[in-house]
Amino acid sequence: MGKWMQQAVKQQKQFYINHLLRVGLTDDPAQLEHWTLEELRREYERFRPIWTMKGGQFHERKSARAGETHH
């Protein structure tokens, strides 16, 4: 894997780790360092809010890929 790709993967893992630490999944960042990118992404998706507040009303998020509403 090239140096640029390694750096991109490292940054993406760090993003997920920071988010999971913020939501309180664990207090030990070293524990999350051993997780794969896919495992981190899966946990991130579990804790990410499905609903967002805009203009006083809730709006569902839509998939960018398929344009489908997530429930």
Side-chain angles (χ1 to χ4, degrees):
M1 190 178 332
K3 186 176 181 178
W4 180 85
M5 184 60 96
Q6 288 175 346
Q7 185 65 25
V9 168
K10 185 177 180 180
Q11 287 177 343
Q12 192 172 21
K13 280 185 76 169
Q14 193 60 51
F15 168 81
Y16 289 133
I17 289 169
N18 290 342
H19 177 78
L20 293 172
L21 290 172
R22 249 191 331 264
V23 299
L25 180 65
T26 183
D27 292 332
D28 183 16
Q31 177 186 7
L32 297 176
E33 290 288 336
H34 299 289
W35 289 21
T36 66
L37 190 55
E38 184 58 35
E39 290 169 328
L40 291 167
R41 183 180 298 126
R42 192 174 323 126
E43 286 302 309
Y44 170 80
E45 293 294 331
R46 280 187 48 214
F47 286 100
R48 192 174 66 172
I50 294 174
W51 297 91
T52 58
M53 186 69 135
K54 288 188 177 181
Q57 296 179 355
F58 285 105
H59 294 277
E60 293 179 275
R61 287 168 52 130
K62 297 196 177 197
S63 169
R65 236 175 81 192
E68 297 174 353
T69 303
H70 292 271
H71 296 284

Checklist entry - Heavy-atom distance under 4.5 Å between the side chains of Trp35 and Ile17, does that happen here? => result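 The answer is no; the side chains never approach within 4.5 Å.
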Next on the checklist: Is the shortest side-chain heavy-atom distance between Gln7 and Gln11 below 4.5 Å?
Outcome noted: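 The answer is yes; the side chains approach within 4.5 Å.
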Checklist entry - Under the salt bridge (charged side-chain N to carboxylate O under 4.0 Å, His left out) rule, what pairs show up with a residue in residues 28-38, not counting sequence neighbours? => result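 Output for this query lists Glu38-Arg41.
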Atom pair [atom1] ([X]) and [atom2] ([Y]), whose distance is rounded to the nearest 0.5 Å:
X: Leu20; Y: Arg46; atom1: CG; atom2: CZ; result: 9.5 Å
X: Phe47; Y: Arg22; atom1: CZ; atom2: CZ; result: 13.0 Å
X: Leu21; Y: Tyr16; atom1: CG; atom2: OH; result: 15.0 Å

Checklist entry - Where do Glu43 and Leu25 come nearest, in terms of heavy atoms and distance? => result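 It is OE1-CD1, 4.1 Å.
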Checklist entry - Which atom names give the shortest non-hydrogen contact between Leu40 and Leu32, and what distance separates them? => result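 Residues Leu40 and Leu32, closest heavy atoms: CD2-O, 4.0 Å.
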